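For reference, the structure discussed in these notes is given below.
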Amino acid sequence: MPDLIERSADILARATSAVALTGAGISVESGIPPFRGKGGLWEKMDPMKVAHIDAFLEDPEGVWNLLIKDMKTVLDKARPNSGHTVLADLERLGILKTVITQNVDGLHQMAGNSDVIEFHGNFAWQRCLDCNRSIETSRVDLAQIPPRCRCGGILRPDCVFFGEMIPHEALIRSQKLSAACDVMLVIGTSAMVQPAATMPFIAKDNGAVIIEINPEPTPLTSRISNLPLLGNACSIMPRLAAAIRQRMPLPDNR
Ligand code: OAD
């Protein structure tokens with residue numbers, strides 16, 4: 001493992017257009033549970049019953065009560081961890097160009113990354129099903145479930161439910177950046193959900209080195225990851241940053 005970290009640091013220190021693909025795992029150590037695996041949300045509930053757009057439209061009250069209300073409580077409290085802050089450092093150093101995230105928690109922006117593609121939308125905003133007006137989630141009154149817009153329409157999170165399209169611009173930019181990057185850092189994703197999971201394949205097909213950080217093997221690990229770093233984001237990312245720091249100065253802001 002130390003050798004894999006050193007080799008990853010060598011490659012990242014020379015990179016100029018790295019892209020990160022992140023998933024729920026990078027936010028686990030910020031107190032946000034993942035979807036799959038140990039302690040995952042989908043162990044406790046069926047995503048087709050709580051995270052599919054048809055389920056939401058059929059029973060918005062039920063989905064707000066079962067999933068969205070708790071998500072708001074958890075996300076309100078969450079703050080970036082060292083996995084997020086190292087990615088922000090890598091951007092400041094000119095190594096990392098963009099973060100493509102499947103997360104809706106806004107923690108990459110909070111950590112300081114300036115180009116974040118929110119592949120599955122953002123929980124910071126709610127949208128009215130009737131008039132399409134947007135309202136910040138922090139301003140939503142949860143006294144009434146489902147919460148309503150001032151026009152009386154039901155509010156939904158501005159996130160991608162199962163059964164919905166990925167925002168067009170997010171998909172096209174992600175495909176282009178994946179094809180053009182020199183390194184892809186894949187952090188904390190089970191790589192089970194399409195089309196996000198195709199990005200590492202696009203990167204690899206176009207010559208990028210794939211560095212994967214995850215405590216568990218994924219479908220990418222034996223197939224395309226050049227450097228699988230087995231471990232939690234908050235354990236691996238600071239070690240990676242320290243190894244890069246030996247090769248170039250990093251802003252010391254942690
Ligand atoms: P998953 O919950 O499917 O996978 C989380 C991954 O993070 C797993 O591979 C874990 O092994 C890993 N992991 C756990 N703890 C970690 C840690 N401390 N550091 C690093 N990795 C850790 O999450 P995603 O791959 O993001 O979609 O799931 C993709 C999509 O499925 C989500 O965006 C969501 C979900 O259904 C929608 O809601 C549309």
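It should be emphasised that the depicted structure is a prediction, and the values quoted were computed from it without experimental measurement. Ligands are counted one by one from 1 in listed order, and the atoms in each one are counted from 1 as well.
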_Worked check of side chain to side chain donor-acceptor pair (under 3.5 Å) between Thr101 and Glu118_ = CA-CA 5 Å; Thr101 188; Glu118 295 180 308; over 6 Å; no
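- Identified under the side chain to side chain donor-acceptor pair (under 3.5 Å) test for residues 234-243, with sequence neighbours left out: none.
- Remark: Arg133 CZ is packed, more than 12 non-hydrogen atoms of other residues, nucleotides or ligands lying under 6.0 Å away.
- Every pair passing side chain to side chain donor-acceptor pair (under 3.5 Å) that includes a residue from residues 142-160 is listed here, sequence neighbours excluded: Arg127-Asp158, Arg156-Glu164.
- Of the charged side-chain nitrogens involved, at least one lies within less than 4.0 Å of a carboxylate oxygen, so that Asp89 and Arg92 count as a salt-bridged pair.
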Show which side-chain atoms of residues 165-174 pair as donor or acceptor with protein atoms under 3.5 Å away, not counting sequence neighbours.
residue: Arg173; atom: NH1; partner: Asp115; partner atom: OD1; Å: 3.0
residue: Arg173; atom: NH2; partner: Asp115; partner atom: OD2; Å: 2.9
residue: Ser174; atom: OG; partner: Ala170; partner atom: O; Å: 2.6

Anything under 3.5 Å between an N or O on ligand 1 and a protein N or O? List each pair with its distance, or write none.
residue: ligand 1; atom: 2 (O); partner: Phe35; partner atom: N; Å: 2.7
residue: ligand 1; atom: 2 (O); partner: Arg36; partner atom: N; Å: 2.8
residue: ligand 1; atom: 3 (O); partner: Arg36; partner atom: NH1; Å: 2.6
residue: ligand 1; atom: 3 (O); partner: Ser190; partner atom: OG; Å: 2.6
residue: ligand 1; atom: 4 (O); partner: Ser190; partner atom: N; Å: 3.4
residue: ligand 1; atom: 7 (O); partner: Gly188; partner atom: O; Å: 3.2
residue: ligand 1; atom: 9 (O); partner: Asn214; partner atom: ND2; Å: 2.9
residue: ligand 1; atom: 11 (O); partner: Asn214; partner atom: OD1; Å: 2.7
residue: ligand 1; atom: 18 (N); partner: Glu29; partner atom: OE1; Å: 2.8
residue: ligand 1; atom: 18 (N); partner: Asn232; partner atom: OD1; Å: 3.4
residue: ligand 1; atom: 19 (N); partner: Gly25; partner atom: O; Å: 3.3
residue: ligand 1; atom: 19 (N); partner: Ala233; partner atom: N; Å: 2.9
residue: ligand 1; atom: 25 (O); partner: Thr189; partner atom: OG1; Å: 2.6
residue: ligand 1; atom: 25 (O); partner: Ser190; partner atom: N; Å: 3.0
residue: ligand 1; atom: 25 (O); partner: Ser190; partner atom: OG; Å: 3.4
residue: ligand 1; atom: 26 (O); partner: Ala24; partner atom: N; Å: 2.8
residue: ligand 1; atom: 28 (O); partner: Arg36; partner atom: NH1; Å: 3.3
residue: ligand 1; atom: 31 (O); partner: Arg36; partner atom: NH1; Å: 3.1
residue: ligand 1; atom: 31 (O); partner: Arg36; partner atom: NH2; Å: 3.4
residue: ligand 1; atom: 33 (O); partner: Gln102; partner atom: O; Å: 3.2
residue: ligand 1; atom: 33 (O); partner: His120; partner atom: ND1; Å: 2.8
residue: ligand 1; atom: 36 (O); partner: Trp42; partner atom: NE1; Å: 3.2

